[in-house]
Amino acid sequence: MQPEMQELLVRTGPGTPMGELMRRYWIPALLSREIADPDCPPIRVKLLGERLLALRDSNGRAGIIGEFCAHRGTSLFFGRNEECGIRCSYHGWKYDLDGNCIDLPQQPSYAPEIKLTAYPCVEQGGVVWVYMGPPARRPEPPALEWSLLPDTHAYVSRRWQECNWMQALEGAIDSSHVSFVHRYEMDFDPMHDTAAGRKYLKADPSPIFDVRQSDAGLTILTRRNGDADTYYWRITQFIMPWYTFIPPFGDHALGAHAFVPMDDENCWTWNINYYADKPLDEVQLKAMKDGKGIHGQVLSGTLRAVANRDNDYLIDRAGQKDRRSFSGVIGFAIQDSSLQESMGPIQDRTQEHLVPTDRAIVVARNRLADAARALRESQAEPPGVRADDQRLRAGSTLLGRDRPIEQWYRDALAARPDNPIYTV
Ligand code: FES
Ligand SMILES: [Fe+2]
């Protein structure tokens, strides 16, 4: 990779091409339950290099504003959230969710001139979404299937991941790693065990990738040998700029992610499990809350993983030897983040050596880079901004070797209520 391409992909602060691209989409900022009640404590949220504060006002409205007081720069995290605004604890200046200074005790006539950054929010699917782009280009709220379901059907978590967002995204569109790092975990994890697909994943470590453009991003078709005259297909959806839908495992809930830059060396990894047509049961919810499957166990407050780089992700070398875990790290979520973080905060892609199973990664990088350049050069509307284009699903299936996959997947993987879930 050329250094210019690397810079284009990994830099997301204000004014960068990728940062401007990302600011054209609704951004998952935090969980609604993190600011559950009116006037509850605010939450710091860093997004695309901007330090922001999320809070819920006395009327129950959620909002996101700049973190620092306009007076002398105190963090409003230490402020008082009361009577429809947050009051700085230092000298009492008070701001509403639109960033207006609504009280300035020392010089009231000055208040109308004072404005904090404030971004519009919507709440949907248990998530507070924020739009940080030009007001005139604000899209309709997202239509990702998991974000439109009743609360009972989906469980969403988020986790601080200590590496650049592209390392996390690239992991999620790389089906070939499942045959290695998750090889034994598939048999232990309560959200993956029992799936027939495990057999094909283990037997064929070198899948064939076929990557197709969708209106919203990419559909990544991964082919392994199935039984007799079938192929085992795992079909991942990549929705611009950071969403992935994971091909499902047997009767387990569907999975999805988002990888949102916090800054260029850290990201928020969002994890979602859902059924499109029924509630999750208590056993599943407990497993997710305990960090099983794609969620991971985190420390409250920082949302940093309990198994993190300071403790070598609690690697169990005996477990690595006796095949409890391929890498010795326990759990899908931390297996992924440990290896992605081990590359360093920003992987140096000028030094990598790619092989055919990295095909989806190459195509995704180009799709993102092309969209960022097109936005900068011609203000072209980025792919995946339109809500209707996001109505897709992942799938896994066994198909006869003579069945053309392209005739099958376009209809089968539309996120329509009357479409069955395809899962093996
Ligand atoms: S620094 Fe906030 S009111 Fe003075
Ligand atoms: Fe993984």
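Computed from a prediction, not measured in an experiment: that's the story for all the values here. Both ligands and their constituent atoms are indexed starting at 1 by order of listing.
Salt-bridge check for Lys292 with Asp189: failed, with every basic side-chain N at 4.0 Å or more from each acidic carboxylate O. We find that Lys94 and Glu82 are not joined by a salt bridge, their nearest charged nitrogen and carboxylate oxygen being 4.0 Å or further apart. The pair Asp210-Arg223 fails the salt-bridge criterion, with no side-chain N (NZ, NE, NH1 or NH2) lying under 4.0 Å from an Asp/Glu carboxylate O.
Aromatic ring centres of His192 and Phe332: separated by under 6.0 Å. When ring centroids are compared, Tyr274 and His153 stay outside the 6.0 Å threshold.
The salt bridge (charged side-chain N to carboxylate O under 4.0 Å, His left out) analysis of residues 324-334, with sequence neighbours excluded, yields the pairs Glu185-Arg324. Residue pairs meeting the salt bridge (charged side-chain N to carboxylate O under 4.0 Å, His left out) criterion with at least one partner in residues 118-132, sequence neighbours excluded, are Arg56-Glu123.
Relative ring orientation between Trp26 and Tyr131 is described as tilted, the plane-to-plane angle lying within the 30° to 60° band.
Listed by chain and number, the protein atoms of type N/O/S under 2.8 Å from atom 2 (Fe) of ligand 1 are Cys69 SG, Cys88 SG; waters are omitted.
The minimum heavy-atom distance linking Leu368 with Leu169 is given by the pair CD1-CD2, 3.9 Å.
Excluding waters, the count of protein N/O/S atoms less than 2.8 Å from the Fe ion (ligand 2) comes to 4.
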